[in-house]
Structures are given as structure tokens and as C-alpha cells.
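Below is one structure, written out as C-alpha cells; the observations come after it.
Heavy atoms only: backbone and side chains are in, while hydrogens, waters and symmetry mates are out. A, B, ... follow the sequence lines: proteins, then strands. Residue 1 opens every chain.
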Amino acid sequence: MPELAEVEWHRKQWNPGIGARVQVVFLHARKRVFRGTNTRDLARRITGQKLLDSQARGKRMLFRFTNSNWLGIHLGMTGSLRIEGPEYAPAKHDHLVLGQSSRSLVFRDARQFGRVQFHHGSSPPSWWRADVPEIVERDFNRPFFERFLSRHGKAPIKAVLLMQDGFSGIGNWMADEILWRSHILPAKRVAKLTSAERHSLFLETKFVARHSLSTLGHDDSDLPKSWLIHERWSKEGVCPKHCIPLRRATIGGRTTAWCPICQR
DNA sequence: ACCCCTGTTCGGCG
DNA sequence: CCGCCGAACAGGGG
């Protein structure tokens, strides 16, 4: 599920727990989502602490607790955050449950491409890097964008849009949406893009990110009917503009859909 | 049964 | 050394 705006939606699911104490921590310590994380430390230190606030950066989230405790969460492919009632008994894929007196904060992830990290310290963890600009912020600007593209001239543009170091929070469907709106073939090598194409790509990247953040709920149903996303999964998917079948291929390691008329 | 998958990392190779 | 690409991770759903 999770790209930029969906991540933001999931982050807010835990908001009801802000200001409340975590009374008990359930986790499946040997699960892959905890790779590299000291789960004993996590459970011991988070227990008894209040959730203070949270933030999202690209596809990552950071939850802050009292007494200098931090929880990082990445949703991977199938992760989700939700609220259950107090004393909720974790189901099979509920790898982390923070039990509060009035509710439980649940992290579920069937495929476990997601990740939970823990940090204890007065300042934010080192893995919470701040050096990649958010797409919707001022510092994601033309110079940054051009510099990043120039470093990946040989890669297909689709693959570059998926690189989190440059396009923070962009995932598979957003990349296809951006390329469709920009009239650029996904397989086109970055060095071959014209300056007009790069200009368009920059504007559409901002547009898709902004518009998604302002409208998106937990799935794509709130996005405009005219967007490509509603067509890209079904075999019969057509270009919203030309009503002709979409082309499909694996580019940058991901299934990619595009319109042969819009994009050439 | 078989094939697909909104993500990231790692090893191989050019 | 740089950077691209496919495989691997793990499980559910069509």
C-alpha cells in the first residue's frame, strides 16, 4: 500500500494514542521486521512511556515517546498502522502492539518488507536522516532535481523516480502517474530527456505529491477519476485520456504501465 | 498450482 | 570504483 500520502494516513492512525501511556508492549522478537533492532530494549524502555508525537518523511515514520525514546516504522509493501481496543490480543501478523489503557496501537505487516527500529537518546536517531528534501517542500527545487538526475544519466527515468534519496516517498504508482502526466516514456534514459521534459517532470512530481497529500485516504478511492492509478492494475486498463489499452513492462524492476499515445 | 504484487537491499557484472 | 539489474526477502490473493 504505502507511498507518500498513504504513509501519512497510516501515521495519523496512531494519533488517538498521543498523550497516553504505553502499559504493555507485545512483539514477536524473531520476526524479520525487527532485523537489526534490539527488541528487548524496545519493549523495556517503551513500556510506561507516553506517546508524544510523530512525523513522516518520505515512506518513513518516527514516533517520539517520553524519556528520550524513539520508534521508527517503515511499512514496506504490506504494512499498516491501526487502532484496536484495549487488551487487544495480537493476531498472526500483528508484530508490534502497544497497549494503552483505552486502546491498542497495532503495527501489522504480512510480508514483512517493513521495519521497526528503536532508539534511546535525547536527539533523534542517526537513521532519521534529514538530508533528503520532501517533494512538497521548498528545498526540493530545480537545482536539487537536476543534480540528482545528472547523477543517474544511464538509468531509465522510471527507476530514478523510485530512488528514495532523490524522490522521497515516491513509489510505483506515483512514478507511473508522474510519467504519464509528463508525457515521458518510462524506459527513456535520463540523459536523453530534453530540458522541456525535465521541466515538465519536475512540475508534475510536485503536483502529484501535493495533490495526493491533500486528498488521499487509506487507498486510491479519493483521487480524481481522471488519474492513471485507477487503470493501472487491471488487465483491461486503458489510458484515461485516449481510452486505449495501456502498455506494460518491467522497468527499474517494477511493473510499469504507460499510454503509447501520451508517452513517446 | 501458479503467478502476481504500491519496497528495499545485496551480490554480480559490465 | 561506479552504477545498473535481477534476485531475494515472505505471505496473501487472484
Separation of atom CG in A:Asp176 from atom C1' in B:dC5, rounded to whole Å: 14 Å

statement: Stems field, DNA chain B, Watson-Crick or wobble, 3.5 Å, at least 3 pairs, by first number, holds B:2-5 with C:11-14, B:7-14 with C:2-9

task: Measure from CG on A:Asp94 to C1' on C:dG12 and round the result to the nearest Å.
output: 15 Å

- prompt: Are a donor atom and an acceptor atom from the side chains of A:Arg142 and A:His199 found within less than 3.5 Å of each other?
  reply: yes

query: Could you state the CZ-P distance from A:Arg151 to C:dG3, rounded to the nearest angstrom?
result: 8 Å

query: With a cut-off of 6.0 Å (strictly less than), are more than 12 heavy atoms of other residues, nucleotides or ligands near CZ of A:Arg138?
result: no

- prompt: With respect to the side chain of A:Phe113, which nucleotide from C:dC4, C:dG11, C:dC9 is positioned closest?
  reply: C:dC9

Sugar-phosphate only, base, or nothing, as touched by A:Arg115 at under 4.0 Å among non-hydrogen atoms: nothing

field: Euclidean distance, atom CZ of residue A:Arg60 to atom P of B:dT8 [Å, nearest integer]
entry: 10 Å

message: Rounded to whole Å, how long is the line connecting atom CZ of A:Phe167 with atom P of B:dT8?
response: 14 Å

- request: Find the distance A:Met61:CE to B:dG7:P and express it as a whole number of Å.
  value: 14 Å

query: Between atom CG in A:Leu161 and atom C1' in B:dG7, what is the gap in whole Å?
result: 15 Å

task: Let me know, please, whether A:Arg254 or A:Lys31 comes out on the 5' side of the other along DNA chain C by nearest nucleotide.
output: A:Arg254

message: Which residue is it: A:Leu75, A:Leu105, A:Val106, A:Val7? I am looking for the one with a side-chain contact (heavy atoms from CB on, under 4.5 Å) to A:Leu81.
response: A:Leu75

- prompt: Among side-chain atoms of A:Asn172 and A:Lys158, is any donor-acceptor pair under 3.5 angstrom?
  reply: yes

message: Between A:Thr37 and A:Gln117, is there a side-chain donor-acceptor contact under 3.5 Å, judged purely by atom types and distance?
response: no

- request: Determine: side-chain N/O of A:Lys59 to OP1/OP2 of B:dT8, distance under 4.0 Å, yes or no.
  value: yes

message: Angle between ring planes, A:Phe167 versus A:Phe148, binned at 30° and 60°: parallel, tilted or perpendicular?
response: perpendicular

- prompt: Counting only heavy atoms not in A:Arg247, do more than 12 sit closer than 6.0 Å to its CZ atom?
  reply: no

task: Send over the distance from A:Gln112 CD to C:dA8 P, rounded to a whole Å.
output: 19 Å

